[in-house]
Amino acid sequence: MSAPPAEDLVRQWEREQARLRQQVVEEDTEDWQRSPDFSGLERVGGVDLSFIKGDDVNACAQLVILSYPDLEVLYEDSQMVTLTAPYIAGFLAFRETPFLLEALERLQENQPTLLPQVVFVDGNGLFHYREFGLACHLGVLSGLPCVGVAKNLLQVQGVYKSEEHQSQALRSSDRSSKPVYVSVGHKISLDTAVRLTHSCCRYRVPEPIRQADCLSREYLRIHFPAADTGIKE
DNA sequence: GCGACAG
DNA sequence: ATCTTGTCGC
């Protein structure tokens, strides 16, 4: 009857990624990025989405701004959102980016002085099938420097799980044997991205992302307690 | 059928 | 993403 929607959608998304890919800036563009101790860097952002179990449509979109180098929370924004795009590996950005941008726009409108100088994103940047992961997507559309940090290895062509990959991956904190995968999102070099990630880690996951994750989960816990425990009135 | 599959 | 508490180890 009708054309397979998923296939057409993916083609359209691939074209969009190819178009935006050209706008990624893979080098350092900010003065603080050149500084050995990142002097001049005062605010780092983190974004994440958390879901209610068994519901892949309603989620809490979280933006958090931390001070640097103290990593104290300066700003937090939790917003329930309704996702429209499905999750397809390689196209995560089309599912999440709109709501992360909205959060940044709310910040821009309400507390522009707190806008982050760099944003940590839960997912990959250039380390992506088409070199355009979520961190690049958010970076290009927001214009902000972004760093991608993934907790799991995406098996991009040419990259395999091995001793090599283990040695390339970043052991972010002393205590974590399991690595994280850092890649360039936008307006930052890989070297700086790795250095900055290390500098923002108290635990395995960089503090901005970890805080965004904790706060969005807490929001769901408070506003949707036991959302599927079969509690009826 | 098998393996991969960021979040 | 989520299902999931306590537990073993440094």
Side-chain angles (χ1 to χ4, degrees), chain A residues 6 9-10 13-14 17 20-21 24 46-64 78-101 103 119-139 146-162 165 168-186 190 193 197 203-206 208-221 223-230:
Chain A
L9 188 59
V10 162
W13 282 351
E14 284 176 341
Q17 288 181 330
L20 295 174
R21 170 68 182 88
V24 172
V47 291
D48 191 30
L49 261 67
S50 286
F51 295 79
I52 300 174
K53 53 182 174 181
D55 184 345
D56 58 347
V57 168
N58 299 108
C60 178
Q62 185 71 46
L63 169 64
V64 59
S78 309
Q79 178 66 52
M80 286 307 297
V81 298
T82 303
L83 305 188
T84 54
Y87 171 66
I88 302 175
F91 302 94
L92 176 62
F94 294 94
R95 183 161 160 79
E96 300 196 348
T97 295
F99 309 102
L100 303 179
L101 282 172
V119 179
F120 279 89
V121 178
D122 200 349
N124 294 302
L126 290 178
F127 186 50
H128 177 271
Y129 303 129
R130 289 164 296 280
E131 298 188 320
F132 196 72
L134 175 58
C136 298
H137 207 120
L138 184 65
C146 285
V147 176
V149 180
K151 298 183 291 296
N152 293 100
L153 178 65
L154 184 64
Q155 298 204 179
V156 175
Q157 185 176 52
V159 178
Y160 308 95
K161 294 188 180 180
S162 63
H165 116 262
Q168 295 297 313
L170 178 62
R171 183 164 300 186
S172 50
S173 89
D174 320 338
R175 305 172 279 290
S176 62
S177 58
K178 187 172 182 180
V180 294
Y181 305 91
V182 178
S183 60
V184 170
H186 188 49
L190 179 57
T197 299
Y203 304 97
R204 177 180 172 240
V205 173
I209 294 176
R210 200 179 74 87
Q211 287 299 328
D213 184 72
C214 290
L215 290 168
S216 54
R217 287 192 195 202
E218 178 185 29
Y219 184 93
L220 292 181
R221 206 171 63 233
H223 295 269
F224 302 90
D228 81 325
T229 328

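Note that the structure is predicted; figures quoted are calculated from it, not measured.
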Rounded interatomic separation in angstrom, taking [atom1] from [X] and [atom2] from [N]:
{"X": "A:Ile52", "N": "C:dC3", "atom1": "CD1", "atom2": "P", "result": "11 Å"}
{"X": "A:Tyr181", "N": "B:dC5", "atom1": "OH", "atom2": "P", "result": "11 Å"}
{"X": "A:Gln62", "N": "B:dG7", "atom1": "CD", "atom2": "C1'", "result": "16 Å"}
{"X": "A:Lys178", "N": "B:dA6", "atom1": "NZ", "atom2": "C1'", "result": "12 Å"}
{"X": "A:Asp56", "N": "B:dA6", "atom1": "CG", "atom2": "P", "result": "15 Å"}
{"X": "A:Leu49", "N": "C:dT2", "atom1": "CG", "atom2": "C1'", "result": "14 Å"}
{"X": "A:Arg95", "N": "C:dT2", "atom1": "CZ", "atom2": "P", "result": "11 Å"}
{"X": "A:Leu126", "N": "B:dA6", "atom1": "CG", "atom2": "C1'", "result": "14 Å"}

If you look at every strand shown and take non-hydrogen atoms under 4.0 Å, does [X] touch a base, only sugar-phosphate, or nothing?
{"X": "A:Asp55", "answer": "nothing"}
{"X": "A:Gly90", "answer": "base"}
{"X": "A:Phe132", "answer": "nothing"}
{"X": "A:Leu134", "answer": "base"}

Name the one of A:Val180, A:Val149, A:Thr197 that satisfies side-chain contact (heavy atoms from CB on, under 4.5 Å) with A:Ile209?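 Exactly one option meets the side-chain contact (heavy atoms from CB on, under 4.5 Å) with A:Ile209, and it is A:Val149.
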
Can you tell which of A:Val119, A:Val81, A:Leu63, A:Val47 makes a side-chain contact (heavy atoms from CB on, under 4.5 Å) with A:Leu100?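 For A:Leu100, the side-chain contact (heavy atoms from CB on, under 4.5 Å) check succeeds only for A:Val47.
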
Determine, answering yes or no, if A:Tyr87 is stacked on C:dA1 under the 5.5 Å centre rule and the 30° plane rule.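 The base of C:dA1 is not stacked with A:Tyr87 (the test needs centres under 5.5 Å and planes under 30°).
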
Pairing annotation in dot-bracket form, given for DNA chain B with Watson-Crick or G-U pairs under 3.5 Å and | for cross-strand partners: .......

Picking from [options], which would you name as closest to the side chain of [X]?
{"X": "A:Leu154", "options": "B:dA6, C:dT2, B:dG7", "value": "B:dA6"}
{"X": "A:Asn124", "options": "B:dA6, B:dG7, B:dA4", "value": "B:dA6"}
{"X": "A:Asn152", "options": "B:dC5, B:dA6, C:dA1", "value": "B:dA6"}
{"X": "A:Arg217", "options": "B:dA6, B:dG7, C:dT2", "value": "C:dT2"}

Quick one: is A:Lys53 getting a side-chain N or O under 4.0 Å of the C:dA1 phosphate, OP1 or OP2?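 So the side-chain polar atoms of A:Lys53 never come under 4.0 Å of the phosphate oxygens OP1 or OP2 of C:dA1.
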
Using every non-hydrogen atom in the two residues, find where [X] and [Y] come nearest and quote the distance to one decimal.
{"X": "A:Val10", "Y": "A:Phe91", "value": "CG1-CZ, 3.7 Å"}
{"X": "A:Gln62", "Y": "A:Ser78", "value": "OE1-OG, 2.6 Å"}
{"X": "A:Glu96", "Y": "A:Leu49", "value": "CG-CD2, 3.9 Å"}
{"X": "A:Asp122", "Y": "A:Leu92", "value": "O-CD2, 4.3 Å"}
{"X": "A:Pro208", "Y": "A:Val64", "value": "O-CG1, 3.3 Å"}

A:Gly90 backbone acceptor or donor facing A:Gln17 side chain under 3.5 Å: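 Checked: pair present.
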
Gap in Å between the two C1' atoms, one belonging to B:dC5 and one to C:dT2, rounded: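 Looking at atom C1' only, B:dC5 and C:dT2 are 15 Å apart.
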
